[in-house]
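The structure under discussion appears below in the form of structure tokens.
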Amino acid sequence: MKIKRIRGVNDILPGDIEKWQWVEQTAHRTFARYGFSEIRTPIFESTRLFARGIGEATDIVEKEMYTFQDKSGDSVTLRPEGTASVVRSFIENKMYGPGQLSKLYYIGPMFRYERPQAGRFRQFYQIGVEAMGSGQPALDAEAIAMLMEFYRELGLTGLTLQLNTLGSANSRARYREILKEAIREHLPDLCENCKARYERNPLRVLDCKVETCGEIAAHLPAIRDNLDEEDRDHFQQVQDYLKSVGQDFMINDRLVRGLDYYCRTTFEVTAEGLGAQNAVCGGGRYDGLVEEFEGPATPCFGFAMGMERLISVLPQDKTQALEPRPDAFLVLLGEDAGRAGFGLAEQMRRAGLSVSRDFEGGSMKSQMRKANKSNCRYAVIAGEDEIKSGKFQLKNMETSEQGLHTKEALIETIIGGKPV
RNA sequence: GUGGGCGUAGCUCAGCUGGUAGAGCACUGGAUUGUGGCUCCAGUGGUCGCGGGUUCAAAUCCCGUCGCUCACCCCA
């Protein structure tokens, strides 16, 4: 039986990997401009970290975690998301302190046991950002602005930024009770899913896609009518900051994030052409999470984006330019040329050129075909005559012009882009 | 966990109500003794996912199984 890859995981192959590298490099460059540093945490942690951080009653913790016992009997879990690990590391490494701000980001694989579908995998990659140590609305706005700048660098279009606020932890809890109270009389009319949501996460009823639930939800008390003065002010300032830098957005007061730790600002970025899973980024504020893990009260803002989804909406004109292109392809005819070609290739590479060749010693025609397929700018042709004279044919693959050059001269010609 | 669709050449797929497998692309060679892309010609390549059943005969019909895929749930 042939061994195949595990369901829901993917190989990233040449042809695609260039896009991944470009996205990662763009993230490094862009985030650095905003003062963020990369952090790398382990890919697995104590199961308790995720159970407490994400919320015991969430789908992720209840049924989607890759959890197993290691040889000592400890329960460990492959990380299903990044925030809990960063918070753990933040506390463990005492990155906090009066007036201190930690601006961190991570890039790496996450694991959730779900049924795969378009844009959803069991091992998937996230780029996540966590800004820890300030409760100011400018922080929310700056992080979102950075995200949108990142998308601009990637040339993405057709994105929608949706904002909402859940209020502080206190108002969120209070609203939850008000909402449950209001839902109670409609309970028999709700869909089966929503009946279950009623106890576990009543806010989710608000964004149910079932039509009858939607109608009921439209008449339920809205979050925005149950905010504190400070919540309202915070949300308004986030909006004002975004507007001040020309960032468009829409308010979606049904936008409810599933993870327990969110409060105040939440947001999501959706893209066109992704299928049912159309969110490329989600995040928000999590002011209570550090305390939850017995760290000092530290207001934070963060978000995560799925790289697979991001890469599948990259514009074609940008990704085309990423295809690797050798400067030269060596066409070597005969054993003497084969031997000489090895040294020539090395000499050219040490001069900074990217050089390919064929190793199978096929006919000129077949080697030229391979040269053409490699998309090289020049072909260097070496047969008996060239080895004897020490001068090689240099052929420009676009114009088909060619001329005779010594090793040094052909390297210079290629580097300088001079006519052959 | 639930539901729909699909598994035929390396890739994308065709194969009508059962008669024993095909196209395009790719690959190799030739037309062009040492010069690619375009064109033309020829060739290599398949236990039709796997197992069982019906039948004189199964890629085709039936059952099972595995896999892929899309959607629900949920999320990035």
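What you see below is based on every heavy atom in this structure, not just the backbone, and it leaves out hydrogens, waters and symmetry mates. Naming convention: chains lettered A, B, ... in sequence-line order (proteins, then strands); numbering from 1 in each chain.
In this entry B:rG3 has B:rC70 as its Watson-Crick or G-U wobble partner, both defining distances falling under 3.5 Å. Judged by Watson-Crick or G-U wobble contacts below 3.5 Å, the nucleotide B:rU28 has B:rA42 as its partner. In this entry B:rG64 has B:rC50 as its Watson-Crick or G-U wobble partner, both defining distances falling under 3.5 Å. If you check B:rA57 for Watson-Crick or wobble pairing at under 3.5 angstrom, you find it has no partner at all. In this structure, B:rG22 and B:rC13 make a Watson-Crick or G-U wobble pair, each of the two defining distances being under 3.5 angstrom.
Contact between the side-chain N/O atoms of A:R7 and the OP1/OP2 oxygens of B:rC68 is found at a separation under 4.0 Å. Dashed line: the shortest gap from a side-chain N or O of A:R115 to OP1 or OP2 of B:rA71 is not under 4.0 Å. A:Q126 has no side-chain polar atom (N or O) that falls below the 4.0 Å cut-off from OP1 or OP2 of B:rA76. Put simply, A:K63 has no side-chain N or O that comes within less than 4.0 Å of OP1 or OP2 on B:rC73.
Closest to the A:K373 side chain, of the nucleotides B:rG34, B:rG37, B:rC27, is B:rC27. Among the nucleotides B:rU32, B:rC72, B:rA76, the one closest to the side chain of A:A276 is B:rC72. Minimum atom distance to the side chain of A:S400 is reached by B:rG37, of the listed B:rA71, B:rG37, B:rU35. Set against B:rG29, B:rA76, B:rC73, the side chain of A:S363 has B:rG29 as its closest nucleotide. Side-chain atoms of A:Q393 lie closest to B:rU35 of the nucleotides B:rA76, B:rU35, B:rA71. If you check B:rG36, B:rA71, B:rG29 against the side chain of A:S366, the one that comes closest is B:rG29.
Atom CE in A:M364 sits about 14 Å away from atom P in B:rG29, given to the nearest Å. The nearest whole Å value for the distance from the CG atom in A:D358 to the C1' atom in B:rG36 is 13 Å. One can place CD of A:E386 at 8 Å from C1' of B:rG34, the figure rounded to the nearest angstrom. Look at CG on A:L13: it is 14 Å from C1' on B:rG10, rounded to the nearest Å. Taking atom CG on A:D59 and atom P on B:rC73, their separation rounds to 11 Å, with Å as the unit. For the pair A:I3 CD1 and B:rC66 C1', the computed distance is 16 Å after rounding to whole Å. Look at CD on A:E114: it is 13 Å from P on B:rC73, rounded to the nearest Å. Between A:L330 atom CG and B:rG36 atom C1' the separation is 15 Å, expressed in whole Å.
For the pair A:T30 (side chain) and A:A27 (backbone), a donor-acceptor distance under 3.5 Å is absent. A donor-acceptor pair is defined here as one N or O able to donate and one able to accept, closer than 3.5 Å; such a pair exists between the side chain of A:N252 and the backbone of A:R254.
Residue A:F121 is in base contact, counting any heavy-atom pair closer than 4.0 Å across all strands shown. Using a 4.0 Å heavy-atom criterion, one finds that A:A371 contacts no nucleic acid atom at all. Looking at heavy-atom distances under 4.0 Å, A:E384 makes contact with a base. A:K395 comes within contact range of at least one nucleobase, with a heavy-atom separation under 4.0 Å.
The local environment of CD in A:Q136 is sparse, with at most 12 non-hydrogen atoms from other residues, nucleotides or ligands closer than 6.0 Å.
Of the residues A:Q25, A:R33, A:K318, the one that meets the side-chain hydrogen bond (donor to acceptor under 3.5 Å, both in side chains) test with A:E153 is A:R33.
Distance check on atom C1': B:rG22 versus B:rC61 gives 22 Å, rounded to whole Å. Nucleotides B:rC48 and B:rC11, compared at atom P, are 16 Å apart to the nearest Å.
Atom CZ of A:F359 sits about 10.0 Å away from atom CG of A:L330, to the nearest 0.5 Å.
Residue A:Y113 is the one, among A:Q277 and A:Y113, whose nearest nucleotide of RNA chain B lies closer to the 5' end (criterion: closest heavy atom). The 5' end of RNA chain B is approached more closely, in terms of each residue's nearest nucleotide, by A:E401 than by the other of A:E401 and A:F124.
A perpendicular orientation is assigned to the rings of A:F303 and A:F267, their planes being inclined by more than 60° (bins at 30° and 60°).
Ring pair A:Y113/A:Y66: centre-to-centre distance below 6.0 Å.
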